[in-house]
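Only one structure is covered here, and it is reproduced in the block below.
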Amino acid sequence: MTTTTPTHPGGTWTLGDRAVPRVGYGAMQLAGPGVMGPPRDPDEAVAVLREAVALGVTHLDTSAAYGPQVTNRLIREALHPYPDQLLVATKVGARRDAAGGWPTARRPEELRAQVLENLESLGVDALDLVYLRMGDATGPHEGSLAEAFETLAGLRQQGLVRHLGVSNVTAGQVAEARAIAPVVAVQNMFHLAHRGDDDLVDRLADDGIAFVPFFPLGGFTPLQSETLSKVAAAAGTTPTAVALAWLLHRSPNVLVIPGTSSRAHLRENVAAAGLHLSAEQLADLDAIGRRSTLPPGRA
Ligand SMILES: NC(=O)c1ccc[n+]([C@@H]2O[C@H](COP(=O)([O-])OP(=O)(O)OC[C@H]3O[C@@H](n4cnc5c(N)ncnc54)[C@H](OP(=O)(O)O)[C@@H]3O)[C@@H](O)[C@H]2O)c1
């Protein structure tokens, strides 16, 4: 399933029917503060997206809820007509309210409307990959996703969606979704200091399903750890590069989508795929998640 090539030091993974380099790009940070409104620097936002593709990134992650519609429109402005190899993943299951909240929107008619909105703002006839986002900002919650996922499976059968994924879900919800329609990717919060899905990552790898960690760098609370800084200093690189490289070493089905609003950070993040970590360094980094008792994002 994975191949390592000189072009893509982190190797590739077949996501649905397309091989993508394991380092992708998450567009959420391109919207304004609180993921609402336009970017602080719209020209840089467009430049970041074009630079990502120029660097070989072909897996973008977005949602009509980012802005709302801001990141989708930026992607369209920067990259349409899209290169054949580009895979744009989007999410449905929540909308935005005037206060910037993320109220749940998972009734069949709401999901259909969100798929149509994504098609329109991205300027495509079919969406490459749509995740059903469950839970809320506090994380996944148990509960059936059957009605919502059946709705998306129906939209897939109609040809509006090529592949399906689930996000912010429990292992039980992954299994429930897979009984309804093929799941090509699971997108959950996971990073060096937040390792609740370790078992799920391995089970999905066995079944050929991608695991796409959101907040790979800690999200709104940047990862901080003495061990991480020490490993980075010894390797002559940055803690962010080590955090991404650790994820890429974690399992071949892990596809990273670090978010950034700067081209300089984007270049560093893509370069992290080439960073080799020794067994000793990996053991030191692994210990961060095991001993972490601090809130998610802090180690
Ligand atoms: N499914 C879900 O529920 C869900 C939830 C959250 C996010 N997501 C997806 O996951 C993607 C990744 O999450 P995220 O962007 O929120 O968090 P993240 O990738 O963990 O971290 C992004 C933060 O790290 C900084 N950063 C990035 N590269 C850096 C570098 N090389 N050096 C220093 N700082 C750096 C960014 O600031 P700068 O802009 O200054 O670089 C930004 O503040 C999102 O874009 C989104 O597509 C999904």
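Numbering of ligands and ligand atoms starts at 1, following listing order. Owing to the predicted nature of the structure, the values given are computational and were not obtained by experimental measurement.
Sorted by first and then second residue, the salt bridge (charged side-chain N to carboxylate O under 4.0 Å, His left out) pairs with a member in residues 255-283 read Glu44-Arg263, Glu51-Arg267; sequence neighbours excluded. A salt bridge (charged side-chain N to carboxylate O under 4.0 Å, His left out) check over residues 71-82, counting only residues at least two apart or in different chains, returns nothing. Judged as a ring-ring contact (aromatic ring centres under 6.0 Å, His included), the pairs with a partner in residues 198-224 (not counting sequence neighbours) are, in order, Phe190-Phe211, Phe215-Phe220.
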For Lys91 and Asp61: C-alpha separation, side-chain torsions, deciding distance, then whether salt bridge (charged side-chain N to carboxylate O under 4.0 Å, His left out) applies.
CA-CA 8 Å; Lys91 290 165 234 93; Asp61 190 79; 2.7 Å; yes
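Heavy atoms only, all atoms of each residue included: Glu150 and Ile180 are closest at CG-CG2, 3.7 Å.
At a 4.0 Å heavy-atom cut-off, the residues surrounding ligand 1 are Gly26, Ala27, Met28, Gln29, Asp61, Tyr66, Lys91, Arg133, Ser167, Gln187, Phe214, Phe215, Pro216, Leu217, Gly218, Gly219, Thr240, Ile257, Pro258, Gly259, Thr260, Ser261, His265, Glu268, Asn269, listed by chain and number.
A cation-pi geometry, defined here as NZ or CZ lying under 6.0 Å from the six-membered ring centre and within 45° of its normal, does not hold between Arg95 and Trp102.
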